[in-house]
Amino acid sequence: MTESMIPFAIFFASIFTGNILLTNYLGMCSFLSVSKELKTSLGLGAAVIFVMATTTPLNWLVYQYLLLPFGLEYLRFIVFIIVIAAFVQLTEMTIERYSEPLYQSLGIFLPLITVNCAILGVSLFMVIREYTFFTSFLFGLGSGIGWFIAIIAMAGIRQKMKNANVPPALDGPAITLVIAGFMAMAFMGFSGMIALS
Amino acid sequence: MVTTLLISIGIISLISVFLALLMVIADATIGNYGTVKISINDGTKELEVRGGQPLLKALNQEGVFIPSACGGRGSCGMCKVRVVQGGGEYLPTELPWINEEEKKNQVRLSCQFKVKTDVAIVIPEELFSVREYTTVVEKIRDLTHDIKEVTLLLKDPAKISPKAGQYVQFMVPEYELTDESVYRAYSIASPPGDSSRVELEIRLVPNGICTTYVHKHLKEGDTVTINGPYGDFYLRDTDRNIIFIAGGSGMAPIKSMLLDMEKQGNTRKAAYFFGARSKRDLFLLDEMRELEKKMPNFTFIPALSEPQPEDNWDGEVGLITDVVRRMTKDGSNSEAYLCGSPGMINACITVLNELGVLPENIFYDKFS
């Protein structure tokens with residue numbers, strides 16, 4: 001693989017082979033609770049794509065120019081969280097003010113994912129894997145798309161399942177976790193193609 | 001070492017201050033919707049509030065209290081209000097609580113719906129009289145081994161005017177079982193005549209947030225915040241015979257109604273069935289016998305489902321539903337008022353229907 005291909009390999013890998021939800025099991029709580037309806041899943045998924053694609057490069061800047069120069073890498077957990085929370089809050093306020101339809105479909109979900117571990121996880125992976133600004137953006141975007149695909153697939157399956165005869169003991173989160181396990185195994189099929197490191 | 005510490009504190013503060021500043025600016029510009037008007041019940045009352053906040057909060061600040069159990073997080077579905085003008089589209093966070101019928105009536109979840117333009121809303125007339133009260137615990141008394149009677153003396157405002165049978169919400173502050181203040185509803189046991197006091201009967205529920213607080217922590221002299229009165233469980237003004245049925249702390253609203261009837265000189269025929277397990281679960285027997293003497297048309301019928309040998313019980317025995325069935329001939333000219341657990345109420349409704357009480361004449365207050 002040539003040097004210039006690497007960013008796109010990372011983008012592809014973050015969607016499929018290293019899907020943040022199905023390989024790292026991050027962002028599980030909103031995944032389980034919101035995947036009941038396809039429509040709300042679309043909204044939440046879109047919100048996750050947006051927040052990951054924007055906060056990851058933002059946190060890259062904060063990390064490179066504020067934390068690294070002063071040797072404060074160990075503060076990254078708290079700083080990333082604050083940056084994500086403030087940024088999400090600001091975006092929500094802006095959307096609410098200027099676009100009612102966008103707020104209806106996307107904005108309303110933003111507060112739900114402010115403290116989502118997948119969002120923080122992506123920022124932390126970005127640091128560990130020493131990505132550049134551009135690859136951070138692609139990695140964030142790809143992880144968001146991966147999360148989106150996973151929740152849409154799950155919502156589709158759960159809508160079908162409404163007509164199925166699920167054993168009472170497994171109903172709800174239990175069967176959803178079992179299905180998530182199957183989905184993770186299915187996604188392992190991609191893993192030979194490209195590895196994320 | 002010290003410099004590293006100072007630098008890290010400095011950087012953290014810098015980032016926090018910068019972001020906080022950004023939020024304050026955004027709040028004053030993007031989040032500023034100016035003042036908006038809320039017109040209540042066709043202009044009966046007009047409020048001017050700061051735009052952009054949830055309707056529930058905006059009304060709250062102006063002293064109009066909408067009942068809500070979760071404190072505005074959209075998880076109890078209680079704070080419904082009709083928004084007849086300026087409502088706009090439903091939010092995805094409201095939809096789980098709103099059915100088709102309510103959609104037609106433009107019912108909104110007031111903790112989620114934000115007031116950004118002038119709106120017109122419709123709320124039940126009685127909510128106007130709902131206030132928040134600061135009170136002091138005047139007396140705590142054991143009624144049974146697990147029910148306490150708590151008397152609250154109103155301080156600010158100093159007077160309340162509920163209908164007999166209505167309830168108030170009791171605010172439980174943060175303590176070991178809850179990390180935020182929560183509200184729980186309790187019926188008022190005192191008669192409406194005494195407008196400066198509110199009596200509640202609270203039964204200990206294992207691990208109940210409010211009941212544990214009242215039984216284990218609350219002391220005489222403590223300050224308690226309540227709001228109310230709420231509810232449509234009150235005596236209807238008709239000539240029908242009355243069947244009261246209660247269990248446990250369901251005594252409270254019925255007692256209030258009876259004391260009110262006595263005071264008003266109401267001579268309607270009334271029978272009060274009170275169900276308990278054994279004698280140690282019975283209370284206020286003397287007060288009820290006293291009322292029987294004062295009100296010739298009133299009968300009090302306590303019934304035990306599992307009387308113990310040492311109880312020496314010679315009254316009615318059996319489940320309350322069986323006792324009601326045994327002692328009521330014809331219910332077609334009767335009105336029933338029930339207060340107790342959902343199980344008891346559902347069972348009683350079935351029996352009352354069989355006895356001929358019309359469904360529209362059955363009123364109840366379910367514990368939940």
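As a basis for the values below, the full set of heavy atoms in this structure was taken, side chains included, without hydrogen atoms, waters or symmetry mates. Chain letters run A, B, ... following the sequence lines, proteins first, then strands; residues in each count from 1.
Here B/I12 contributes atom CD1 and A/L72 contributes atom CG; the two are 8.0 Å apart, rounded to the nearest 0.5 Å. The CG atom of B/N32 sits 7.0 Å away from atom CZ of A/R97, with the distance rounded to the nearest 0.5 Å.
In this structure, the portion of B/I15 lying under 4.5 Å from any heavy atom of chain A is its side chain and not its backbone. Neither the backbone nor the side chain of A/E37 has a heavy atom closer than 4.5 Å to any heavy atom of chain B. With a threshold of 4.5 angstrom between heavy atoms, B/T29 approaches chain A through N, CA, C or O but not through any side-chain atom. B/Y90 touches chain A through its backbone: at least one of N, CA, C or O sits under 4.5 Å from a heavy atom, while the side chain does not.
Counting heavy-atom neighbours within 6.0 Å of A/K162 NZ, excluding the residue itself, gives a total above 12. Heavy-atom neighbours of A/Y74 OH from other residues, nucleotides or ligands within 6.0 Å: above the threshold of 12. Surrounding CG of B/N99 are more than 12 heavy atoms belonging to other residues, nucleotides or ligands, all under 6.0 Å away. The number of heavy-atom neighbours closer than 6.0 Å to NZ of A/K39, taken from other residues, nucleotides and ligands shown, is 12 or below. Residue-environment remark: OH (B/Y175) exceeds the threshold of 12 foreign heavy atoms within 6.0 Å.
Of the listed residues B/L14, B/L95, B/I11, the one with more heavy-atom pairs under 4.5 angstrom with chain A than any other is B/I11. Ranked by heavy-atom pairs under 4.5 Å with chain A, the list B/L19, B/I7, B/L22, B/D27 is led by B/L19.
Residue pairs meeting the side-chain hydrogen bond (donor to acceptor under 3.5 Å, both in side chains) criterion with at least one member in residues 135-145 of chain A, sequence neighbours excluded: A/T132-A/T135.
Proximity to chain B among residues 75-90 of chain A is limited to A/L75, A/I78, A/V79, A/I82, A/V83, A/A86, A/Q89, A/L90, judged by heavy-atom separations below 4.5 angstrom.
A/Y103 carries B/K116 over the face of its six-membered ring, with the cationic atom under 6.0 Å from the centre and within 45° of the normal.
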